[in-house]
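Below you'll find the structure, written out as structure tokens, and then a few comments.
Keep in mind that the numbers below use all heavy atoms, side chains included, and drop hydrogens, waters and symmetry copies.
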Amino acid sequence: MSGTNTHGHPGYCADTARYLARLRRIEGQIRGLQRMVAQDEYCIDVLTQVSAVQSALDSVAIALLKDHMNHCVAAAARESDEAGAAKVEEAATAIARLIKS
């Protein structure tokens, strides 16, 4: 049950529709980038859009981490010190992956 809180649901489950809408918007931005490259748009304009996509993905990642901390980590901490510590470690590992990317 590492990907869920103690109730079997991910921390973001209350906001699934909002996350899906944000990801669809990002998907549209990616399709726009593909069009820009196919149409030989100016390099700096493409890079500007790449930066916008990265920022949008970072925003989703931060929101998911916040939901994870507020729901999954908090629920695990209520369960036991060991469970809470495991979820904190899991979050720290996820943050480290995000920082490396």
Side-chain contact test, heavy atoms from C-beta onward, threshold under 4.5 Å: evaluate it for [X] versus [Y] and give yes or no.
| X | Y | value |
| --- | --- | --- |
| L65 | L98 | yes |
| E41 | Q49 | no |
| E90 | C72 | no |

Separation of [Y] [atom2] from [X] [atom1] (nearest 0.5 Å):
| X | Y | atom1 | atom2 | value |
| --- | --- | --- | --- | --- |
| E82 | K87 | CD | NZ | 14.5 Å |
| K66 | D15 | NZ | CG | 10.5 Å |
| I62 | D67 | CD1 | CG | 11.5 Å |
| L20 | R25 | CG | CZ | 11.5 Å |
| S59 | Q54 | OG | CD | 13.5 Å |

Any chain of hydrophobic side-chain contacts (each under 4.5 Å) joining [X] to [Y]?
| X | Y | answer |
| --- | --- | --- |
| M69 | I95 | no |
| L64 | V73 | no |
| L23 | V53 | yes |
| V37 | I30 | yes |
| L47 | Y42 | yes |

### Query
Is the closest basic N to carboxylate O distance between R24 and E27 below 4.0 Å?
no
Is a side-chain donor or acceptor of S55 paired with a backbone partner of S51 at a separation under 3.5 angstrom?
-> no
Sequence neighbours excluded, the answer for side-chain contact (heavy atoms from CB on, under 4.5 Å) partners of D58 is none
